[in-house]
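By convention in this document, chain letters (A, B, ...) are assigned in the order of the sequence lines, proteins followed by strands, and residues within each chain are numbered from 1.
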2 protein chains.
Amino acid sequence: MSNSILVVEDEPEIREMLRYSLEIEGFDTREAGDCHEAEKLIAKRTPDLILLDWMLPNISGIKFAKRLKKNELTKDIPIIMLTAKAEEENKVKGLETGADDYVTKPFSPRELIARIRTVLRRGPMTSPDGIVKIGALEINNDSRNVQVNKQVVDFSPIEYKLLYFLATHPERVYSREQLLTFVWGGETYIDERTVDVQILRLRKILAKHGSEPLIHTVHGVGYKFMEKK
Amino acid sequence: MSNSILVVEDEPEIREMLRYSLEIEGFDTREAGDCHEAEKLIAKRTPDLILLDWMLPNISGIKFAKRLKKNELTKDIPIIMLTAKAEEENKVKGLETGADDYVTKPFSPRELIARIRTVLRRGPMTSPDGIVKIGALEINNDSRNVQVNKQVVDFSPIEYKLLYFLATHPERVYSREQLLTFVWGGETYIDERTVDVQILRLRKILAKHGSEPLIHTVHGVGYKFMEKK
DNA sequence: GTAGTTTGTTACAAAAATGTGACGAATGAC
DNA sequence: GTCATTCGTCACATTTTTGTAACAAACTAC
């Protein structure tokens with residue numbers, strides 16, 4: 001069973017290289033030079049994953065990602081963003097937008113392949129109707145509604161963002177620094193321990209409503225969202 | 001057991017420098033000034049890794065890499081590309097097809113050695129999805145999960161680092177000093193016997209979960225990770 | 001065999017990391 | 001303006017980690 005991957009990248013050379021690396025690994029690869037082309041190919045056949053360059057002619061990769069994530073038919077296709085190092089600050093936005101991972105250029109093909117495999121393995125954690133379900137949790141990002149064991153629960157803005165980020169990136173450890181970047185946003189100078197406090201608040205709320213422990217501490221590293229231990 | 005490395009580089013000075021650095025580290029080094037020469041040497045004996053200059057007379061490094069990767073006999077040889085900084089901007093940008101890693105000139109020998117070691121070790125040891133499997137062990141670095149005989153096992157930060165290092169560098173003896181450098185980090189002043197204690201802790205945990213002995217003592221030298229004895 | 005090294009093992013205390021409650025500035029609704 | 005909420009920070013409690021010393025066991029050379 002070979003997964004199909006759509007590469008959206010304007011520079012032919014890099015595209016060529018990507019195609020080459022991917023096909024060696026047995027992926028069924030298609031290419032588009034811009035978003036318009038990409039849309040046509042997606043319409044023809046839904047790819048299992050999209051490799052999306054950040055900088056694209058006409059529509060930027062980020063806008064394209066947003067559009068894909070808004071469309072009912074395409075919103076479950078995982079996206080890996082390719083960003084140049086200078087654009088790194090933008091990875092925040094990228095993840096917020098719905099990209100499932102990002103890879104910073106220059107990167108080694110092996111790294112890319114590993115990321116692809118990881119994302120593909122994760123499968124969709126959002127069910128078709130856009131609701132994240134994991135453990136006793138149920139998050140509807142459209143209505144910003146969270147249920148724990150079927151009870152509606154309120155979260156403050158940051159609590160919600162943090163919970164949503166963790167819930168949509170389970171099984172993976174994030175350092176406090178990463179969480180500050182991804183959840184709080186890049187430019188802040190906030191104490192890392194603040195993360196601890198917010199984690200504590202989340203845990204309290206979840207526990208209060210009868211959820212099993214979902215947020216786990218990884219000593220010396222950070223936190224991880226996981227259904228069972 | 002020393003790894004053999006083929007250096008493909010047209011500038012004699014750089015070649016000389018590379019040979020010197022590599023041999024200090026105990027690598028068995030061979031050199032070629034162009035791709036033609038390189039092919040002959042590869043035919044004679046397959047190297048464990050190729051250091052390939054991006055700019056070469058006649059055939060460019062990238063083309064040569066592609067060719068190697070297409071050939072059934074040579075496609076599994078890891079390649080590290082050497083690229084000049086000026087070239088990085090344009091062509092390289094992200095990928096060199098087929099290369100497993102890249103190093104930008106000018107580079108420190110230390111960095112190069114590190115890259116070489118990384119590429120060499122990730123050969124057959126890491127399965128495609130980035131999970132290290134060896135013996136009863138299964139280490140997922142993303143989730144920082146370790147399973148021993150399918151049971152999830154907790155490790156402290158240093159335990160984890162040490163285990164990960166050893167598991168990704170099997171079949172090779174490391175002195176306490178080396179382990180302190182690689183696992184603890186260079187600048188520490190820690191008693192060498194500390195390594196013994198951590199090794200002991202690892203062994204205990206592994207044994208407790210039914211693993212066969214994986215960490216072996218090499219009397220008078222250090223420790224070695226190995227699946228069977 | 002013995003003496004001298006090297007390594008295994010245990011216990012303990014210092015250090016580091018994390019959990020937790022409280023406080024107050026900032027914000028926004030009214 | 002008041003009031004309630006949010007959320008960053010601090011201080012302290014608790015837990016976990018980890019370096020070290022001390023001694024036992026294993027190994028080596030002779």
Side-chain angles (χ1 to χ4, degrees), chain A residues 144 146 152-166 173-208 211-226 229, chain B residues 144 146 152-166 173-208 211-226 229:
Chain A
R144 211 181 159 291
V146 183
V152 178
V153 181
D154 269 342
F155 289 92
S156 79
I158 284 225
E159 282 161 13
Y160 179 80
K161 264 182 139 185
L162 179 55
L163 180 63
Y164 185 73
F165 178 83
L166 290 172
V173 190
Y174 291 93
S175 67
R176 287 155 234 273
E177 192 190 337
Q178 285 177 311
L179 289 174
L180 278 176
T181 307
F182 296 149
V183 177
W184 272 256
E187 311 267 325
T188 48
Y189 292 91
I190 295 178
D191 195 302
E192 290 201 346
R193 295 302 312 279
T194 297
V195 176
D196 297 26
V197 178
Q198 291 299 348
I199 291 280
L200 170 74
R201 286 169 183 163
L202 274 187
R203 279 173 171 164
K204 267 189 184 167
I205 296 175
L206 293 178
K208 186 171 153 188
S211 162
E212 57 173 350
L214 289 171
I215 305 173
H216 305 275
T217 305
V218 181
H219 214 281
V221 188
Y223 296 97
K224 169 169 73 165
F225 193 93
M226 225 174 51
K229 187 144 189 199
Chain B
R144 212 174 163 292
V146 182
V152 177
V153 182
D154 271 341
F155 289 92
S156 82
I158 283 224
E159 283 161 12
Y160 181 83
K161 267 187 162 176
L162 180 56
L163 179 64
Y164 188 77
F165 178 83
L166 290 171
V173 190
Y174 289 93
S175 67
R176 288 154 234 274
E177 193 190 337
Q178 286 177 311
L179 288 174
L180 278 177
T181 305
F182 295 144
V183 177
W184 273 256
E187 313 261 327
T188 48
Y189 292 90
I190 294 176
D191 194 303
E192 291 201 345
R193 295 303 312 280
T194 297
V195 177
D196 297 31
V197 177
Q198 292 298 350
I199 291 280
L200 170 74
R201 285 170 184 162
L202 276 187
R203 280 174 171 164
K204 264 189 184 167
I205 296 176
L206 293 178
K208 185 172 153 187
S211 162
E212 56 174 351
L214 290 171
I215 305 173
H216 306 276
T217 305
V218 181
H219 204 98
V221 187
Y223 296 97
K224 172 169 73 162
F225 192 94
M226 228 174 48
K229 192 148 188 190

**Q.** Value rounded to 0.5 Å, distance of CZ in A:Phe165 from CD1 in A:Ile158
**A.**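 Rounded to the nearest 0.5 Å, the CZ-CD1 separation comes out at 13.5 Å.
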
If I take atom [atom1] in residue [X] and atom [atom2] in nucleotide [N], what distance separates them, rounded to the nearest angstrom?
X        : N      : atom1 : atom2 : answer
B:Arg176 : D:dT20 : CZ    : C1'   : 15 Å
B:Glu192 : D:dT20 : CD    : P     : 11 Å
B:Ile158 : C:dA17 : CD1   : P     : 11 Å
A:Arg203 : C:dG21 : CZ    : C1'   : 16 Å
A:Asp196 : D:dC10 : CG    : C1'   : 13 Å
B:Leu163 : D:dT18 : CG    : P     : 13 Å
A:Ile215 : C:dT20 : CD1   : P     : 12 Å
B:Asp154 : C:dA17 : CG    : P     : 18 Å

From [options], nucleotide with atom closest to [X] side chain:
X        : options                : value
A:Ile190 : D:dG8, D:dG19, C:dT18  : D:dG8
A:Thr194 : D:dG8, C:dG8, C:dG21   : D:dG8
A:Leu200 : C:dG21, D:dT9, C:dT18  : C:dG21
B:Arg193 : C:dG8, D:dC7, C:dG21   : C:dG8
B:Ser156 : C:dT6, C:dG21, D:dT17  : D:dT17
B:Thr217 : C:dG19, D:dT18, C:dT7  : C:dT7
A:His219 : C:dC23, C:dA17, D:dT28 : C:dA17
B:Val197 : D:dT9, C:dT7, C:dT10   : C:dT10

So does [X] get a side-chain nitrogen or oxygen closer than 4.0 Å to the phosphate oxygens (OP1/OP2) of [N]?
X        : N      : value
A:Lys204 : C:dG21 : yes
B:Tyr223 : C:dT6  : no
A:Gln198 : D:dG8  : yes
A:Trp184 : D:dG8  : yes
B:Tyr189 : D:dT20 : no

What contact category does [X] fall into here, base, sugar-phosphate, or nothing, at under 4.0 angstrom with non-hydrogen atoms?
X        : result
B:Val195 : nothing
B:Tyr160 : nothing
B:Phe155 : nothing

Side chains of [X] and [Y], heavy atoms from C-beta outward: is any pair under 4.5 Å?
X        : Y        : value
A:His219 : B:Phe155 : no
B:Leu180 : B:Arg176 : no
A:Ile199 : A:Thr217 : no
A:Leu163 : A:Phe225 : yes
B:Phe182 : B:Glu177 : no

Q) Does B:Arg201 get its side chain close enough to the base of D:dG19, under 3.5 Å, for a donor-acceptor pair? A)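 Such a pair is found, so the answer is yes.
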
